[in-house]
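Atoms within each ligand, like the ligands themselves, are counted from 1 in listed order.
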Amino acid sequence: MTPPTFADPAAYERYVGRWSRSVAPEFLAWLGVPAHRRWLDVGCGTGALTETVLALSDPEAVTGVDPSASFVADAAARVTDPRAGFRVGDARALPLADSTVDAVVSALVLNFVPEPAVAVAEFARVTRPGGLAAAYVWDYAQGMGLIRHFWDAAVLLDPAAAELDEGRRMPVCAPDPLRALWTDAGFTEVRTEALVIQTPFADFADYWEPFLGGQGPAPGYVRSLGDVHRSRLRDLLASRLPVGPDGTIPLTARAWAVRGRR
Ligand SMILES: C[S@@+](CC[C@H](N)C(=O)[O-])C[C@H]1O[C@@H](n2cnc3c(N)ncnc32)[C@H](O)[C@@H]1O
C-alpha cells in the first residue's frame, strides 16, 4: 500500500482536521501545562493543535513541524500569532536542539511515522528535564466511529480491503503500545487517557464527501476504486449509518492520549 497522502489542506480539514480541532481542547486540559512555556507540535499538519495551544495554553512560543510543505504553508498563512512558527521537518530528526522545549505534543501522527519509537526518542531528546511529551491517536480499531463504519462497509463489499483497515494496520492505536513507546523512551509518570468527542454530520453528504478528498488511508482507498464500486460503497454506507430524526448522523470518535515527564 502506498503511504497516505497529506497534501491538500482544505480536503484534510474537511475529513479529520475538523475533528482533531475538537479533541485538542480536551487533550490540553488533561495535560495541564502552565502558561509561558515553549511548545513543539510534531506533525502539526494544518495547525489544529498549534492553534488550540495558542488559544488555551498561553504559550511563550509554539513551533509546528511537519514534512508536508503544503500543510506547513497553509498553517503558516493562517496562524499569524507572532508566538507561532512552522518548519518543514520529520519527527524522526527534529530540527531542534537538545532540551529546548517544555512541552512536545503530537496529534494523530505516530501511526504515519515509519519508526514511531525513533520519533518518541526524538521527543525525549528535545524535551528539557522536567518537561512533558504527549500525543493522541485515533482508536481506529473501535472508538473512531466515522472511520470504523467506513472500513466495516468497505470489507463487506471487498474482503481484501480488510488488509487496509486502519484498525488492523495501525501499530499504535490503543493504550498499551502508547505506554510502551513512552516508557521505552525513558519518560516517567506515564499516563494514558481516552478522549471522546461528538462528531455529528449534518447529513450523509457531510459524512461521505470528505472521503472523496484523497487525504489519509480511507480516502486513498476510495480514490483507488472504480465508479461502480465507489457508488456501491457509498450506498451501503448510507444504508448502514445511524440517522437521527432531523437527518443528522450522530457519531462519536475516541482518541487515546499518552503523556510522560522527562
Ligand atoms: C492525520 S494528520 C494530523 C495533523 C494534525 N496534527 C492534526 O491534528 O490535524 C497526520 C500528519 O502527520 C504528518 N506526518 C507524516 N509523516 C510524518 C513524519 N515522519 N514526521 C512528522 N509528521 C509526519 C503528515 O504530514 C500529517 O500532517
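When only interatomic distances are considered, the shortest N/O to N/O separation between Ala107 and ligand 1 falls below 3.5 Å. Polar contact check, Asp66 against ligand 1: a nitrogen or oxygen pair lies under 3.5 Å apart. Checked by distance only, ligand 1 and Gly43 come closer than 3.5 Å through their nitrogen or oxygen atoms. For ligand 1, the polar-atom distance check against Ala91 finds a nitrogen or oxygen pair separated by under 3.5 Å.
Closest to atom 10 (C) of ligand 1 among all protein heavy atoms lies Leu108 O, 3.5 Å. Atom 8 (O) of ligand 1 has its closest protein heavy atom at Ser20 OG, 2.6 Å. Looking from atom 22 (N) of ligand 1 to the surrounding protein, the closest heavy atom is Pro67 CD, 3.1 Å. Ranking protein heavy atoms by distance to atom 2 (S) of ligand 1, first place goes to Tyr12 OH, 3.4 Å. Protein heavy atom at the shortest distance from atom 16 (N) of ligand 1 is Phe112 O, 3.6 Å.
Follow the hydrophobic side-chain contacts under 4.5 Å out from Leu56 and you never reach Val101; the two are in separate clusters. There is a path of hydrophobic side-chain contacts, each under 4.5 Å, that joins Val190 to Phe123.
Look at Asp102 and Arg38 and you find no salt bridge, because none of the NZ, NE, NH1 or NH2 atoms lies under 4.0 Å from a carboxylate O. Contact check on Glu193 versus Arg259 returns no salt bridge, with no Lys/Arg side-chain nitrogen under 4.0 Å from an Asp/Glu carboxylate oxygen. Salt bridge Asp227/Arg234: absent, no basic N to carboxylate O contact under 4.0 Å.
Between Trp19 and Phe201, the ring center distance clears the sub-6.0 Å criterion.
Scanning all heavy atoms of the two residues, the minimum distance from Val65 to Leu40 falls at CG2-CD1, 3.8 Å. Heavy atoms only, all atoms of each residue included: Thr63 and Arg87 are closest at CG2-CD, 4.1 Å.
Those atoms of ligand 1 that come under 4.0 Å of a heavy atom in Cys44, given as number and element, are 5 (C), 6 (N). Residue contact check: Ser68 has heavy atoms under 4.0 Å from atoms 25 (O) of ligand 1. For ligand 1, the atoms closer than 4.0 angstrom to any heavy atom of Phe71 are 27 (O). The contact set between ligand 1 and Val113, taken as ligand atoms under 4.0 Å from a residue heavy atom, comprises 18 (C), 19 (N). Near Gly45, with a cut-off below 4.0 Å to any heavy atom, the atoms of ligand 1 are 4 (C), 27 (O).
Side-chain atoms of Ser68 and Asp66 include no donor-acceptor pair closer than 3.5 Å.
Using bins of under 30°, 30° to 60° and over 60° for the plane-to-plane angle, the ring pair Phe211/Tyr207 lands in the tilted bin.
Contact annotation: Leu49 has no heavy atom less than 4.0 Å from any atom of ligand 1.
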